Structures are given as structure tokens and as C-alpha cells.
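These numbers come from a predicted model, not from an experiment. Numbering of residues begins at 1 and proceeds along the displayed sequence.
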Amino acid sequence: MKVRRIVANIETPNAAAANRFYHGVLGLDILMDQGWIVTYGSGETMQVQVSFMAQGGSGTPVPDLSIEVDDVDATLEAMKAAGFAIEYGPADEPWGVRRFYVRDPFGRLVNILTHR
């Protein structure tokens with residue numbers, strides 16, 4: 001047996017509200033839109049990972065999602081320009097990542113990061 005995909009499912013009565021954050025700022029493609037479910041993704045090959053955490057590191061809360069980007073500083077500026085409040089960072093962490101925390105339109109804490 002082999003895991004082929006892991007999907008994060010976020011409950012909301014307004015799936016379209018994800019568009020500005022996940023498509024507009026992060027640039028994910030809309031892979032499926034059935035009205036009651038909108039799936040965002042990318043054609044890029046990505047690693048499958050699931051993390052189980054007692055804390056978020058550096059005294060932060062555990063984020064709901066972690067999204068690795070190629071340019072964390074450009075993403076930070078795009079989030080600010082789109083009106084999303086930054087809750088932590090940017091920070092260069094001792095385990096080799098640069099990151100910041102932001103809340104998506106559903107109140108989920110999202111860890112945006114890049115490996116240094």
C-alpha cells in the first residue's frame with residue numbers, strides 16, 4: 001500500500017472565501033469547484049507530510065497548515081498588501097526555516113515558510 005495524496009479539508013459555509021488567500025495571494029490553481037467544495041492545488045510535485053506537534057516552535061501555537069513557498073518575503077508582502085494580518089514573524093528559526101504566521105479567511109493559523 002502507498003499513500004498517494006493527503007488533502008486538508010477546512011469546513012466553511014462559504015468555500016468561495018478561500019479564493020483571495022489561496023489563489024490570489026498564494027497562486028494555487030482551482031482544481032475543482034462544485035460550489036460546496038473548492039479544491040486548490042498545484043501541478044508541482046510536492047512531498048507528502050503530516051506533522052503532529054505539541055507546540056509550533058519558538059513558543060508559538062501549533063498552526064493548522066504549513067505552506068512552503070519559494071520566496072517567503074515576497075509572500076509576506078503580498079499577504080500584507082491583501083490585508084491579511086501577520087500574527088508572528090517574519091522569523092529566521094534555529095531549525096533552518098524563515099517563516100511567518102497569518103490567519104486565512106476562516107481563522108485558520110497558517111505557517112508560511114521557506115527553508116534557508
**Message:** I'd like to know whether Val69 forms a side chain to side chain contact (heavy atoms under 4.5 Å, CB included) with Leu113, so could you lay out the CA-CA distance, the side-chain angles of the two residues, the decisive distance to 0.1 Å, and finally the verdict.
**Reply:** CA-CA 6 Å; Val69 297; Leu113 69 117; over 6 Å; no

**Asked** Could you go step by step and tell me if Thr39 and Tyr22 meet the side chain to side chain contact (heavy atoms under 4.5 Å, CB included) rule?
**Response** CA-CA 10 Å; Thr39 301; Tyr22 290 98; over 6 Å; no

**Prompt:** Checking side chain to side chain contact (heavy atoms under 4.5 Å, CB included) for the pair Lys80/Ile86: CA distance, chi angles, key distance, verdict?
**Reply:** CA-CA 7 Å; Lys80 288 179 181 177; Ile86 307 308; 4.0 Å; yes

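Met79 and Ile10 fall within a single hydrophobic cluster, where Ile, Leu, Val, Met, Phe, Trp and Tyr side chains are chained together by heavy-atom contacts under 4.5 Å.
The number of heavy atoms from other shown groups lying within 6.0 Å of CZ (Arg5) does not exceed 12. Around CH2 of Trp36, the count of heavy atoms belonging to other residues, nucleotides or ligands within 6.0 Å does not exceed 12.
In this structure, Asp104 contributes its side chain and Arg108 its backbone to a donor-acceptor pair below 3.5 Å. In terms of modelled atom types and a separation under 3.5 Å, the side chain of Arg99 and the main chain of Ala91 share no donor-acceptor contact. A donor-acceptor pair under 3.5 Å is absent between the side-chain atoms of Ser42 and the main chain of Leu28, judged by distance alone.
Rounded to the nearest 0.5 Å, atoms CE (Met46) and CD1 (Ile6) are 13.0 Å apart. To the nearest 0.5 Å, the span separating CG on Leu26 from OH on Tyr40 amounts to 11.0 Å. Rounding to the nearest 0.5 Å places CD1 of Ile67 at 4.5 Å from CD1 of Ile112. Ile37 CD1 to Leu31 CG: the interatomic distance, rounded to the nearest 0.5 Å, is 10.5 Å.
You'll find the side chain of Asp92 reaches within 4.5 Å of the side chain of Arg116, heavy atoms only. Side-chain contact between Met32 and Val38: absent, with no pair of heavy atoms (C-beta onward) separated by less than 4.5 Å.
Counting all heavy atoms, side chain and backbone alike, Pro61 lies closest to Tyr101 at O-OH, 3.2 Å. When every heavy atom of Phe106 is checked against every heavy atom of Ala18, the shortest pair comes out as CZ-N, 3.5 Å. The minimum heavy-atom distance linking Ser66 with Asn111 is given by the pair OG-ND2, 3.1 Å.
Residues Ser58 and Glu93 have side chains that bring a donor and an acceptor to within less than 3.5 angstrom of each other.
Salt bridge present: Asp73 and Arg98 bring a charged side-chain N and a carboxylate O closer than 4.0 Å.
Annotation: Phe21 is in aromatic contact with Phe84 [ring centroid separation under 6.0 Å].
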